[in-house]
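Below: one structure, written as structure tokens.
Order of listing sets the numbers, starting from 1, for every ligand and every atom in it. Just so you know, these numbers come straight off a predicted model, no measurement behind them.
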Amino acid sequence: MASQPAVEVDGLRKVYGTTVAVDDISLTVYEGEIFGILGPNGAGKSTTVESIAGLRTIDSGTISVHGIDPVNQREEITEVLGVQLQEAKLQPKITVQEALELWSAFYPDPEPWAPLAERLGLGDHLRQRFEDLSGGQQQRLSIALALIGRPRVVVLDELTTGLDPRARREVWELVRDVRDRGVTVLLVTHSMEEAQTLCDRIAIVDAGRVRALDTPAGLIGSASAATITTFETPVAIDLASLRELEGVTAARSENGTVTVEGAEGVALAVIEELRTQGVAPLRLRVAAGSLDAAYLDLTENDTDPDIRQEALR
Ligand code: ADP
């Protein structure tokens, strides 16, 4: 089933004075995806999604959301795109029902709010004030408000920051449910776990640029520690020769446990080398690397202040 592009960003750039918020970002999000934008603070994630939502002016580049240019067609964009923003705080005294009714009034054909509230687990909280809701309930309400205009694309920014593990999982389930109902989800996050569990594809953004764009498995597979091989050995082994094996990026020994990191497939070469050395490894384990490792590889320069200066040239 070939998917159509839902969001296309090409050469996006946004500068505030001397700060390059977004240097040069291009990406395509396909219909029906949960697409993650992952990166450190200040990477330009919010600026990117707020530009996609038509909430910022841009310096250069083009954006299309189902054929609509959010920068020049601000009215039309609200008909296809719903947005839950990081900073979106409601009036503390507003009740769940009042917020839902107020938001409904913004759209020509809103989704009936009562069933929507029910679906998002807010049915029993309609008279509760925003300030009295738990963090998870507040986030569920903000998702409801983003969905009320029947959008084809929904932008969710730092959705689960500050939620306890149970509430996070509930919100993740909801996001999957939203996608299963045919809405494309664009998710901004700095949580590795969230990106890995929830997203079909992830763009790792740093210093205003896309450093990598792939499925979580693809990103992990391309990391310097795509595979981690560990074993115990009662005898000393020659670590240097392990490090020389093709694809191996690191080998270390700690308290009798040896860890070898490297590209997909290096475990076999490690075992061969051990055989050559006459070492029988104990408790041998081979595990896939983590998204953290891929992320660290790709964002290791993010503390380098020269990057932004260079980007300003
Ligand atoms: P992220 O969402 O990845 O944390 P942002 O898009 O919020 O990153 O910010 C990217 C950079 O642009 C940061 O250095 C931030 O300080 C700067 N920035 C964002 N919005 C503004 C603004 N309205 N005025 C000035 N600088 C901004």
Which of the numbered atoms in ligand 1 are under 4.0 angstrom from any heavy atom belonging to N41?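 What qualifies from ligand 1 is 4 (O).
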Side chains of E50 and T47: any donor to acceptor distance under 3.5 Å?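 T47 vs E50: no donor-acceptor pair found between side chains.
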Measure the spacing between OG of S290 and CD of E193 and express it to the nearest 0.5 Å.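 CD of E193 is found 12.0 Å from OG of S290.
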Roughly how far, to the nearest 0.5 Å, is the CG atom of L298 from the OG atom of S222?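 Result: 6.5 Å between the selected atoms.
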Under-4.0 Å heavy-atom contact with ligand 1, by part of R56 that carries it: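 For R56, the contact with ligand 1 is made by the side chain alone.
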How does T47 reach ligand 1, if at all, at less than 4.0 Å between non-hydrogen atoms: by side chain, backbone, both, or neither?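 For T47, the contact with ligand 1 is made by both the backbone and the side chain.
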To check you understand the geometry: which heavy-atom pair defines the closest contact between T95 and R127, and what is its length?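 Closest pair (atom of T95, atom of R127, distance): CG2-O, 3.6 Å.
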So, is [X] polar-close to ligand 1, with some N/O to N/O distance under 3.5 Å?
{"X": "S46", "result": "yes"}
{"X": "A21", "result": "no"}
{"X": "A43", "result": "yes"}

Non-hydrogen atom of G44 closer than 4.0 Å to ligand 1: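 So G44 counts as touching ligand 1.
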Quick check against the 3.5 Å criterion: does K14 have a side-chain atom that pairs as donor or acceptor with the backbone of T57?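 Yes.
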Mark yes or no for whether T276, through its side chain, and E272, through its backbone, hold a donor-acceptor pair below 3.5 Å.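 Here the side-chain-to-backbone pair exists.
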Check the surroundings of atom CZ in R285: do more than 12 heavy atoms from other residues, nucleotides or ligands lie under 6.0 Å from it?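 No, because the 6.0 Å sphere around CZ of R285 holds 12 heavy atoms or fewer from other groups.
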Who gets closest to atom 10 (C) of ligand 1 by heavy atom: G17, P40, G42?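 Checking each option, the heavy atom nearest atom 10 (C) of ligand 1 is found in G42.
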Best match, K45, E158, E50: closest heavy atom to atom 3 (O) of ligand 1: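 Selected option, by shortest heavy-atom distance: K45.
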